[in-house]
Amino acid sequence: MKRLIGLSRMVLLLPVLAVLVARVEAQAVARVEAQAVPSLENIRSQEELDKAIASLDAALFDSYNRCDLEKFSGFFVDDVEFYHDQGGVTLGREKLTDSIKKNICGKVTRELVPGTLRVHYMKGYGAVEMGVHRFHHPGHEDTEGVGEGKFIHLWQYKDGGWKITRVISYDHHAAAK
């Protein structure tokens with residue numbers, strides 16, 4: 001009888017264990033992708049820095065566009081600060097990820113406007129990324145239109161990984177047709 005009770009407890013814990021394993025695997029994938037770019041110490045030129053940050057930007061917004069929230073959240077420090085000219089301030093990775101889930105998933109996709117990305121080295125810290133991005137509303141662009149805005153991402157290289165510590169998203173407006 002004791003063996004049966006123990007077995008039933010294990011069966012009840014399996015779904016919880018599966019969720020935890022999936023979360024750890026998703027975070028590991030985000031870390032591996034974020035680390036496919038060189039470490040700050042190994043970047044030797046502006047061209048290498050541009051390539052590294054452009055790669056991180058592409059991976060970040062691929063997860064954003066596909067609503068892969070586990071991967072998306074892996075690009076941010078726990079205490080990220082996100083400043084948005086229309087949405088206000090969002091403090092913390094968990095709140096930012098929840099906001100993306102509620103307001104973006106299935107409603108909005110983002111693309112970097114070609115030729116607008118600028119990256120600058122931040123000694124001993126990482127890099128600052130600036131650019132212009134467009135937001136599309138798949139299936140609703142005739143009624144919602146395409147939006148455009150500017151952004152600043154502060155990337156920190158720490159403990160073997162690149163993560164965003166601060167975001168400023170501003171000057172949102174309708175994109176020119």
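In this chain, numbering begins with 1 at the start of the sequence shown. The model shown is predicted, which means the values in this text are computed figures rather than measured ones.
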Open item on the list: Once rounded to the nearest 0.5 Å, what's the spacing between atom NZ of K101 and atom OG of S73?
Closed with: 12.0 Å

- [ ] Give a yes or no on whether a salt bridge exists between K150 and D85, defined as a side-chain N under 4.0 angstrom from a carboxylate O.
- [x] no

Task: Check: T97 side chain, E94 main-chain N or O, donor-acceptor pair, under 3.5 Å - done: no

Open item on the list: Hydrophobic clusters here meaning ILVMFWY residues chained together by side-chain heavy-atom distances under 4.5 Å, can you tell me if F61 and V80 are in one?
Closed with: yes

Open item on the list: For H137 and F135, I'd like to know if the aromatic rings sit close, meaning centre-to-centre distance below 6.0 Å.
Closed with: no

TODO: Kindly say whether F75 contributes a backbone atom to a donor-acceptor pair with the side chain of W162 at under 3.5 angstrom?
DONE: no

Open item on the list: Does any part of the side chain of Q86, heavy atoms only, come nearer than 4.5 Å to the side chain of Y170, both counted from C-beta?
Closed with: no

Task: Distance-minimising heavy-atom pair for N65 and T109 - done: OD1-CA, 3.2 Å

Task: Closest non-hydrogen atom pair, G124 against L40 - done: C-CD2, 4.3 Å

Task: Heavy-atom check, side chain of E111 versus side chain of H136, under 4.5 Å - done: yes

Task: Backbone N/O of K51 and side chain of S55: donor-acceptor pair under 3.5 Å - done: no

Task: Student check: side-chain heavy atoms of I100 and L69 closer than 4.5 Å - done: yes

Task: Counterpart residues, salt bridge (charged side-chain N to carboxylate O under 4.0 Å, His left out), relative to D78 (two or more places apart) - done: R93

Open item on the list: Could you tell me if the side chain of F151 sits less than 4.5 Å from the side chain of D171, heavy atoms only?
Closed with: no

Task: Donor-acceptor under 3.5 Å (K163 side chain, G74 main chain) - done: yes

TODO: Could you tell me whether the side chain of N103 and the main chain of S99 form a donor-acceptor pair under 3.5 Å?
DONE: yes

TODO: Kindly indicate whether a cation-pi arrangement holds for R166 with F76, taking the cut-offs as under 6.0 Å to the six-membered ring centre and within 45° of the axis.
DONE: no

Task: E47 and S45 side chains, donor-acceptor separation under 3.5 Å - done: no

Task: Non-hydrogen side-chain atoms of L60 and I164 separated by less than 4.5 Å - done: yes

TODO: Measure from the side-chain N and O atoms of D79 to the backbone N and O of L91, and report whether any donor-acceptor pair falls under 3.5 Å.
DONE: no

Task: Sequence neighbours excluded, every pair satisfying ring-ring contact (aromatic ring centres under 6.0 Å, His included) that has a member inside residues 80-124 - done: H84-H172

TODO: Determine the minimum heavy-atom distance between A52 and I43, stating which atoms define it.
DONE: CB-CD1, 3.9 Å

Open item on the list: I want to check something: taking the side chain as every heavy atom from C-beta on, are E129 and I152 in contact at a cut-off of under 4.5 Å?
Closed with: no

Task: Euclidean distance, C105 SG relative to R66 CZ, rounded to 0.5 Å - done: 11.5 Å

Open item on the list: With a 4.5 Å cut-off on side-chain heavy atoms, are S169 and H133 touching?
Closed with: yes

TODO: Report the relative orientation of the aromatic rings in F72 and Y64; use parallel for angles under 30°, tilted for 30 to 60°, perpendicular for over 60°.
DONE: tilted

Open item on the list: To check you understand the geometry: which heavy-atom pair defines the closest contact between G115 and R118, and what is its length?
Closed with: O-NH1, 3.2 Å

- [ ] Consider only side-chain heavy atoms of I, L, V, M, F, W and Y, link residues closer than 4.5 Å, and tell whether V167 and L96 are in one cluster.
- [x] yes

TODO: Determine the minimum heavy-atom distance between V119 and Q46, stating which atoms define it.
DONE: O-NE2, 2.8 Å

Open item on the list: Test of understanding: clusters of I, L, V, M, F, W, Y form through side-chain heavy atoms closer than 4.5 Å, transitively. Do L56 and L112 belong to the same one?
Closed with: yes

Open item on the list: Does either side chain, that of T165 or that of Y125, offer a donor lying less than 3.5 Å from an acceptor on the other one?
Closed with: yes

Open item on the list: Could you check whether any side-chain heavy atom of W155 comes within less than 4.5 Å of a side-chain heavy atom of V128, counting everything from C-beta outward?
Closed with: no

Task: Backbone of G131 reached by a side-chain donor or acceptor of T116 within 3.5 Å - done: no

TODO: Check whether any side-chain N or O of D57 sits under 3.5 Å from a backbone N or O of I53 as a donor-acceptor pair, and report yes or no.
DONE: no

